[in-house]
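Keep in mind the model is a prediction, meaning the values are calculated, not measured. Convention: sequence-line order gives letters A, B, ...; per-chain numbering from 1.
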2 protein chains.
Amino acid sequence: MVGVSLRPAVTMAQRKRQLVSDELTEAALQLMAREGFDAVTVDAIAAAAGVSKRTFFRYFASKEDVVVRFLADMGAGMHAELAARPAAEPPSTALRHAVWVAMAACADGAEHSGRALRVVQLILRTPALRARFLEHQAQWRDDLAVETARRRGLDPETDLYPRLAAGAALVAFDTVLRRWSDSDGAEDPAALTDRAFALLAPALDAG
Amino acid sequence: MVGVSLRPAVTMAQRKRQLVSDELTEAALQLMAREGFDAVTVDAIAAAAGVSKRTFFRYFASKEDVVVRFLADMGAGMHAELAARPAAEPPSTALRHAVWVAMAACADGAEHSGRALRVVQLILRTPALRARFLEHQAQWRDDLAVETARRRGLDPETDLYPRLAAGAALVAFDTVLRRWSDSDGAEDPAALTDRAFALLAPALDAG
DNA sequence: AGCTTCTTGACACCTGGTGCCATCAACGAC
DNA sequence: GTCGTTGATGGCACCAGGTGTCAAGAAGCT
């Protein structure tokens, strides 16, 4: 065994923090998968993780948050991918790649654990969680809209195109995600995404 | 004045029920417009309407409900309009008319009172209300999707088109509504709706 | 008048969520 | 090794949304 560094990059407290966060998440997902989101109280989650209710809320802003955290990065990933696509690329292609970043995050996580699939199904089937998910989507849409406007040199305040294009892309994402969830992961996300964007392309690339 | 019928179509209790509901709604909107959604407690609304908190929850399922009720009919209206459009009409036209039913409900209410506009602005600017609004939209999307599938003779379980088309129509609705709200009702909803559907038509009518 | 039905207010209760404070372990300086 | 600081924790009181229950009262019917 090699020795640990004298001045560890991550301190003891930071590692413990990560540990507690993981245990809380694990406990929450396990309980919710078994009894449903509403039937599981925060007290029960905290107890299962061996901490107090008060501590739970120091890690997660709400009971929904512990589930919806999984989606946090997807928005940033999509936005970054869109910004990185070549400017000459047609909008339908650029947006398809952006959406695929988010879908791939789900599909990859599902490959080796099925965890992502279960989380997505939990979200889509629980009204409170679906509402949070839709709020995230609305935010992503704003972000994709400003980026699309920038790419096309349009003014998002006067042109309808940026918001419509971003919205259409997220409708594709939502539709594909739902199909993937309803089929228990059987359908191929990549193929579904391609089909969805093929249908939307005439509008995205017009003008 | 003509006499009232001996066996009134609406009983005393029913009229009082409507009265209490109206007073609750009025009190809620007035307080929320002044102090914001979160700052107004259900107790305060009930007190302003002269009833108890318990009674409030006998009329509305939640604090959000008292505001979002305004949107309840729009979904049914859109669905009915879509079902009533001639079968030969291109999808973009049929969906545009369906969406216009919902937009018109907002625009008309705004003409003579400005009430609809204020409610829409309150909804779009309050996260909790916007989430509920998005949930309604998700439901409308399901309804429009099955109706679109029926019109085109498609299977909503295998074809992506119905859900994508319905989603695109609602993206148009959402975009127009937001523009209308952000401009304080200055922009013409009808013109915006036409522009939005003109952009989406190439995808909606393809194939 | 007497009976039924609907509505209401009051009360207790559960749960999500926050502010506050005392406590204890980890870390650094001497 | 000791001391002070920092950060995480737990417990507690508290607020607000929401529900079950029950007794009381008004409206309507016979």
Quick one: is the NZ or CZ of A/Arg69 closer than 6.0 Å to the six-membered ring centre of A/Tyr59, and within 45° of its axis? no

Can you list, by residue number, the residues of residues 119-130 of chain B that have a non-hydrogen atom closer than 4.0 angstrom to DNA chain D? none

Closest approach of B/Ser181 to B/Leu117 (non-hydrogen atoms, all atoms of both residues): CA-CD1, 4.2 Å

B/Leu24 CG - C/dG9 P separation (whole Å): 10 Å

Distances under 3.5 Å only, N/O to N/O: pair up the protein atoms with those of nucleotides 23-25 of chain C.
none

Counterpart residues, side chain to side chain contact (heavy atoms under 4.5 Å, CB included), relative to B/Arg85 (two or more places apart): B/Glu81, B/Glu89, B/Ala94, B/His97, B/Arg151

What pairs of nitrogen or oxygen atoms, one from the protein and one from nucleotides 7-9 of chain D, lie under 3.5 Å apart?
from  : atom 1 : to      : atom 2 : distance (Å)
D/dT9 : OP1    : A/Tyr59 : OH     : 3.0
D/dT9 : OP2    : A/Tyr59 : OH     : 3.1

State, to 0.1 Å, how close A/Pro162 and A/Pro156 come at their nearest heavy-atom pair, and which atoms those are. CG-CA, 4.4 Å

Whether B/Trp140 and B/His136 hold their rings parallel, tilted or perpendicular, with breakpoints at 30° and 60°: perpendicular

CG on B/Leu134 to CZ on A/Phe133, rounded to 0.5 Å: 11.0 Å

Given salt bridge (charged side-chain N to carboxylate O under 4.0 Å, His left out), test B/Asp174 with A/Arg141 step by step and report yes or no. CA-CA 11 Å; B/Asp174 197 89; A/Arg141 188 165 142 194; 3.3 Å; yes

Name all pairs fulfilling the salt bridge (charged side-chain N to carboxylate O under 4.0 Å, His left out) condition that reach into residues 26-42 of chain B, sequence neighbours left out, sorted by first residue then second. B/Glu26-B/Arg115

Where do N or O atoms of nucleotides 16-18 of chain C meet protein N or O atoms at under 3.5 Å, pair by pair?
from   : atom 1 : to      : atom 2 : distance (Å)
C/dG16 : OP1    : A/Lys63 : NZ     : 3.1
C/dG16 : OP2    : A/Val42 : N      : 3.2
C/dG17 : OP2    : A/Lys63 : N      : 2.7
C/dG17 : N7     : A/Lys53 : NZ     : 3.1
C/dG17 : O6     : A/Lys53 : NZ     : 2.9

Worked check of side-chain contact (heavy atoms from CB on, under 4.5 Å) between A/Phe197 and A/Thr93: CA-CA 8 Å; A/Phe197 273 89; A/Thr93 306; over 6 Å; no

Would you call A/Asp142-B/Arg178 a salt bridge at under 4.0 Å N-O? yes

CA sep, side-chain torsions, deciding dist, call: A/Thr41, A/Lys53, side-chain contact (heavy atoms from CB on, under 4.5 Å): CA-CA 10 Å; A/Thr41 71; A/Lys53 177 183 107 175; over 6 Å; no

For the student: nearest non-hydrogen atoms of B/Ala168 and B/Leu200, plus distance: O-CD1, 3.4 Å

